[in-house]
Amino acid sequence: MPAIELDDVAVVDNHCHAVQTLQRNDPADFRAYFTESPDPSMRAGAAGETAYYRRLLRAMARFADVEPTEEAVLADRAGKSTDELVARYFADAGIGGLVVDTGFPTPDTALADATFDAASRADRVTLLRLEVEFQELIAEHADYPALLDAVRAATADVRSRGFAGLKSIVAYRTGLAIERWSDDEARASFRAAREEAARTGAVRLGHKPLLDTLLHLAFENAAAQELPLQFHVGYGDPDADLRRAAPLELRAVLEERAYRSMPVVLLHNCWPYFREGAYLASVYPNAWLDVSYGIPFLSTGEMRSMTRAMLGVAPFSKLMYSSDGGRVPEIHWLSAHDGRALLGEVLGELVADGDLDEREARSAGEAILRGNACALYGLEGTRR
Ligand SMILES: [Zn+2]
């Protein structure tokens, strides 16, 4: 059945990361960009044995017009500067806009904004990483009520601080089942966090009563500003307990009426819980589902299954394309091509089945690839 043609649509990547200045081209180092495993032997070895990585190498070889081998592709890549790589890939991928999570990689290792913008020619907005902000404020405040005031102040007018939304990695810390705690419990948790900061020089915010309490303050403020909040959900490095990173754990937040004006974006397709994520987007007015074709690193067939499942139940107005690419520009690039192709294919199936007509399918494709994200984050999304 014919696919819906989406090649002319400038994608808006609703969740991605910066590209690093130093690019590694040794096979063992390059493979490590394409796994979430922290294990050195996995990163240098088995990360090269996936369907994703093999597809990537072939796509890179076609684009660079070299032999489809890891050696030839990496030799070609090593001969180009980082901004040249960004410019070539982003132009070829037709990327019109980016929503960048600056929490990773650290800004000191990333291409400077001006250099990146000149090379990518994409419209760009950034997100405020809540846990990073909280950790800094905890280190600065010995007094608990003063910390709460500081968190309220930091999240009171997020757009005026230059951010288009918030990002939370609570799934990686204490899980998505965010609870309400008594003042005594939250204070005890704050004291433990301060002790950790005094002892180790930094705090890694794994103190659940405190983190949950600070998140509620941020949610109240986000709702007042109708500010989108992205949650890491599902697939990620094993630092997150995948059971506690499942989307249904967010029920309390999504049920909270006071937060209904805070758009909640469930990242990474919630993979492997994409059906649950699509369900949430189909019943909660403020739940959006991120449709990423970069991370998780999937085969074409698994991306197709996922796309069918999500488009099978979620409103098209609640789905947003992304790559979750970062460090290297290849993930942003391949994902844009894969996203257009698979959305086009699955929308074509919906037309063949009589679910949609061609005009509706094209309009759903445009909304998922760019329109929904432009509206939610206030982006133009047009290449410069
Ligand atoms: Zn990410």
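First listed ligand is number 1; within each ligand, the first listed atom is number 1. Here the structure is a predicted model, which is why all the values come from computation and not from measurement. The analysis underlying the following values was restricted to heavy atoms, covering all of them including side chains, and did not include hydrogens, waters or symmetry mates. Heads up: numbering here begins at 1 and tracks the sequence.
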The Zn ion (ligand 1) contact by [X], N, O or S atom under 2.8 Å:
{"X": "H268", "answer": "no"}
{"X": "D101", "answer": "no"}
{"X": "H15", "answer": "yes"}

Check your understanding: Considering only N, O or S atoms, which atom of H17 is nearest to the Zn ion (ligand 1)?
Key -> NE2
Check your understanding: In D324, what N, O or S atom is nearest to the Zn ion (ligand 1), if we give its atom name?
Key -> OD1
Practice item. Answer with yes or no after comparing the ring centroid distance for F90 and F116 against a 6.0 Å cut-off, counting only values under it. Key: yes
Practice item. Could you tell me whether Y172 and H232 have their ring centroids closer than 6.0 angstrom? Key: yes
**Study point:** Six-ring centre of F63, R88 cation under 6.0 angstrom, axis tolerance 45°
**Key:** yes
Exercise for review: Say whether, by atom type as modelled, one donor and one acceptor occur between the side chain of H332 and the main chain of G325 under 3.5 angstrom.
Suggested key: yes
**Study point:** NZ/NE/NH1/NH2 to OD/OE distance under 4.0 Å, R362 and E366
**Key:** yes
